[in-house]
Protein chains: 2
Amino acid sequence: MKDAPPPRASRRKASTHTIHDVAALAGVSSITVSRYFNNPEKVSVAVRERLREIVERIGYVPSQVAGGLASGRGRVVCAVMQNIASATFADLVKGMTDELQASGLQLLLANAQYSQTLEENAIRTFVGWHPRALILTRDDHTPAAEAMLSALDIPVVEAWGFVDDRPFHQVGFPHAETGAQLAHHFLEQGATRVRFVLPHIGEDFRAAQRAQGYAATMTAAGLAADVQVADVEDDFEAGARTMTALAAAPRADRPQAIIFANDNMAAGAILHADDCGLVLPCDCALAGFGDAPISVRLKPALTTLRPARYQIGQMAARTVLRMLAAPQDPTPAPGRALLPCELIVRESSRLTPG
Amino acid sequence: MKDAPPPRASRRKASTHTIHDVAALAGVSSITVSRYFNNPEKVSVAVRERLREIVERIGYVPSQVAGGLASGRGRVVCAVMQNIASATFADLVKGMTDELQASGLQLLLANAQYSQTLEENAIRTFVGWHPRALILTRDDHTPAAEAMLSALDIPVVEAWGFVDDRPFHQVGFPHAETGAQLAHHFLEQGATRVRFVLPHIGEDFRAAQRAQGYAATMTAAGLAADVQVADVEDDFEAGARTMTALAAAPRADRPQAIIFANDNMAAGAILHADDCGLVLPCDCALAGFGDAPISVRLKPALTTLRPARYQIGQMAARTVLRMLAAPQDPTPAPGRALLPCELIVRESSRLTPG
DNA sequence: TTGTATGCGTTATCAG
DNA sequence: CTGATAACGCATACAA
């Protein structure tokens, strides 16, 4: 038989109320307070009202940390983005938070800057938070990341892209196809020389996918694929330089149309064309990607593709919610949500016959 | 004397490794594993190496939830933003995450859409996460929110603005002053009729602060303050309509210069001026706010103010880190970091004499 | 340098 | 409808 251990110094932080404080004030046990928050209907109306008043008065808020530990299911969803400084990021995040908030789920964000390694690090960090679900924004991960994902045993959504044969939910659109779409748009108008301009030393692998779709379409049509990579970081400047170079080239060598990997490059081109003595779209037809707010205001207005950014974020979150609400389905078939990426035809892409 | 209670069903989730699994595999006690993560130097090199191998092999990641609960200090910093869809949001968030990440702190974000009530809700939610610090992006809160903030007893940073006599750390710049700065810019050129155009039914209270600074300057100069509010949501459209109205007004009634509350409105105006038969800046000088990437490319290039967005996010995070690193200072004087908001003078604001 | 005992604030289980 | 008890996974205090 052991002696009673000596009392130890307590580490209670006096500054915060606990469920026990509320229980004591109400003259009930703490589990009743727990139920008041999680299953109010299982608490009598009288007690409920008393608790409501006390909680209100002392400003008690249940600890997500303790609750998450005890229940084994925290209220956290994690998302790894690729470019936290882009408009795409903002719209996706808004879509996700708007949708998750109502369910009391907290979104944790990380930035991978288009890097597989940074994505792996982010996932590793997130694992420590025991999230209920994970939202990723690419479909090619490091082997280590793939291993963690399958070991996690939680819903995983790959948003923004849309590919086949993945073990995870897909919410987005096929990027290569959008490149093909723009190529077709020009081929249908009779173009034979169409160029694709990628941003500087490509971090953005989606842009590269669009370029591939373009190239495949050109090749299939028996035409030459002409993919160029910008030599400056700034997208506007890159577009402007493309125009300068175009004006300097002999007319016969010029492409009849240029597809820019994003609207910023195209805008830079349009705003600089006049300085180069080029008249758009006569001297060269243009298209972009992303439907930036400014694009419709440019002269000529920019033809572009409009991805459903907000809706993709929203749908990714909905997919998560659906999976969490569903009964314990062991390995459900991954959901596939194909969201629109609409071709917006404006003046800039009108090809001059001949 | 009571009977031994019957054994209860365990709720262990088999799917995740714990610190005990690692300890068992290494033949040490679990506290040693805990130390390996938190104070590696207190563990012998031999054990350290063994643990490193095991952790790597089974892919163990410490639970932030359990750790946070046990230590009473989770690795969380919370931030309430005002407009999650804006470029400002993206830059601020990037500055904060870049800075916090190295310290292993996780940033939790919420969106308040310029609403005090939504901010209060967000703070209430965050309280449940027991964050180490809180970053806000306004300085006027509801009484309830103020009450929670003082009860929290953690560092609170108010970022983006910069006001006096607040109990919390300030990181940003005084917005009213920037409005005054633009007003002066035109007054110094001899302007007497300067207009300020606010975006539609103002959610953005910062824009209103800039307008106040403008108005005060005009009044002080003995001139009339002329603040107009856009009648459409879309900023580009609002700017365009401003030009249309300007062209329709008799020349003598026209302002000599217009300050737009943001660059998007100014861009809309510049892109539409030609359609109205207006020549800028001769017919009217223009200025904006925010230094959008496109602004320098416009014809004429747009005069604007360039707030140090990324640096404000970074400095807000640094302030948090500094406070957390500092010893238990009970109520330190709030820090005050005044970050630059630079006037970028370009062609659009050149006033035509006479 | 390592281990033991205890508690963080909440919820799951089982009993009334 | 309510309550007693034992986890949840880890870190702190203290002892060896």
Side-chain angles (χ1 to χ4, degrees), chain A residues 2-24 26-51 55 60-75 127-130, chain B residues 2-24 26-51 55 60-75 127-130:
Chain A
K2 294 161 88 171
D3 292 312
R8 305 250 179 144
S10 171
R11 344 170 217 163
R12 171 163 291 141
K13 319 180 300 178
S15 66
T16 302
H17 295 289
T18 77
I19 206 172
H20 300 108
D21 300 333
V22 178
V28 298
S29 92
S30 40
I31 186 64
T32 300
V33 181
S34 175
R35 276 196 273 259
Y36 166 71
F37 282 105
N38 299 308
N39 302 86
E41 74 282 0
K42 292 194 164 187
V43 175
S44 69
V45 180
V47 173
R48 219 183 311 186
E49 176 54 27
R50 193 140 35 102
L51 287 174
V55 166
Y60 167 76
V61 178
S63 165
Q64 297 292 329
V65 181
L69 178 58
S71 69
R73 303 172 291 117
R75 315 189 65 66
V127 167
W129 285 99
H130 296 278
Chain B
K2 293 163 89 174
D3 292 312
R8 306 252 180 138
S10 171
R11 352 170 207 162
R12 171 162 291 141
K13 319 180 299 176
S15 66
T16 303
H17 295 289
T18 76
I19 206 173
H20 303 291
D21 301 332
V22 179
V28 297
S29 93
S30 41
I31 186 62
T32 300
V33 182
S34 174
R35 277 196 274 257
Y36 166 72
F37 283 104
N38 299 308
N39 303 85
E41 74 281 359
K42 292 195 165 188
V43 175
S44 70
V45 180
V47 173
R48 219 184 309 186
E49 177 55 26
R50 194 141 34 104
L51 287 174
V55 166
Y60 168 75
V61 179
S63 164
Q64 298 292 330
V65 181
L69 179 58
S71 70
R73 303 173 291 118
R75 315 190 65 66
V127 167
W129 286 99
H130 296 279

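Just so it is clear: chains get the letters A, B, ... in the order the sequence lines come, proteins before strands, and each one is counted from 1. Just so it is clear, the structure is predicted and the values come from calculations on it, not from any experiment. When reading the values below, keep in mind they use all heavy atoms of this one structure, side chains included, and skip hydrogens, waters and symmetry mates.
With D/dA11, D/dC10, D/dC8 as the candidates, the nucleotide lying closest to the side chain of B/Ser71 is D/dA11. The side chain of A/Tyr60 lies closest to C/dT10 when the candidates are C/dT10, D/dT2, C/dC8. The side chain of B/Thr32 sits closest to C/dT2 out of D/dC10, C/dG9, C/dT2. Between C/dT2, C/dG9, D/dG9, one nucleotide has an atom nearer to the side chain of A/Ala70 than all others, and that is C/dG9.
Residue-level contact check: B/Val47 touches the backbone only, with heavy atoms under 4.0 Å from sugar-phosphate atoms and none from bases. Within 4.0 Å (heavy atoms only), B/Phe37 reaches no atom of the nucleic acid at all. Residue contacts for B/Val43: at a heavy-atom cut-off of 4.0 Å it reaches the sugar-phosphate backbone alone, with no base atom in range. A/Val28 comes within contact range of the sugar-phosphate backbone alone, with a heavy-atom separation under 4.0 Å but no base atom that close.
One can place NZ of B/Lys42 at 14 Å from P of D/dC14, the figure rounded to the nearest angstrom. Rounded to an integer number of Å, the gap from A/His130 NE2 to D/dC8 P is 13 Å. Between B/Asn38 atom CG and D/dA13 atom C1' the separation is 15 Å, expressed in whole Å. Put simply, CZ on A/Arg35 is 15 Å from P on C/dA15, counting in whole angstrom units. For the pair B/His20 NE2 and D/dA7 C1', the computed distance is 11 Å after rounding to whole Å. Atom CD1 of B/Ile31 and atom P of C/dT6 are 15 Å apart (whole Å). In this structure, the CD1 atom of B/Ile19 is 11 Å from the P atom of D/dG9, given to the nearest Å. Per the geometry, CZ belonging to A/Arg73 stands 16 Å off P belonging to C/dT10, to the nearest Å.
Taking only side-chain nitrogens and oxygens, A/Tyr36 never comes nearer than 4.0 Å to OP1 or OP2 of D/dC1. Between D/dA11 and B/Ser34, a contact under 4.0 Å exists linking OP1 or OP2 to a side-chain N or O. Distances shown here put every side-chain N or O of A/Ser30 at or beyond 4.0 Å from the OP1 or OP2 atom of C/dT10. Distances shown here put a side-chain N or O of B/Ser44 below 4.0 Å from the OP1 or OP2 atom of C/dT2. One finds a side-chain N or O of A/Ser29 lying less than 4.0 angstrom from the OP1 or OP2 phosphate oxygen of D/dG3.
Residues A/Val55 and A/Tyr36 form a side-chain contact, since some pair of their non-hydrogen atoms from C-beta on lies under 4.5 Å apart.
Considering every non-hydrogen atom in both A/Ala23 and A/Ser29, the closest pair reads CB-C, 3.7 Å. B/Ala66 approaches A/Leu69 most closely through the heavy-atom pair CB-CD1, 3.8 Å. A/Tyr60 and A/Ser63 get closest at one heavy-atom pair: OH-N, 4.3 Å.
Between B/Leu69 and B/Asn39, the residue anchored nearer the 5' end of DNA chain D, judged by the nucleotide with its closest heavy atom, is B/Leu69.
Not one N or O on the side chain of B/Arg35 forms a donor-acceptor pair closer than 3.5 Å with the backbone of B/Val43.
Summarising the geometry, atom NE2 belonging to A/His20 is positioned 10.0 Å from atom OG belonging to A/Ser34; distances are rounded to the nearest 0.5 Å.
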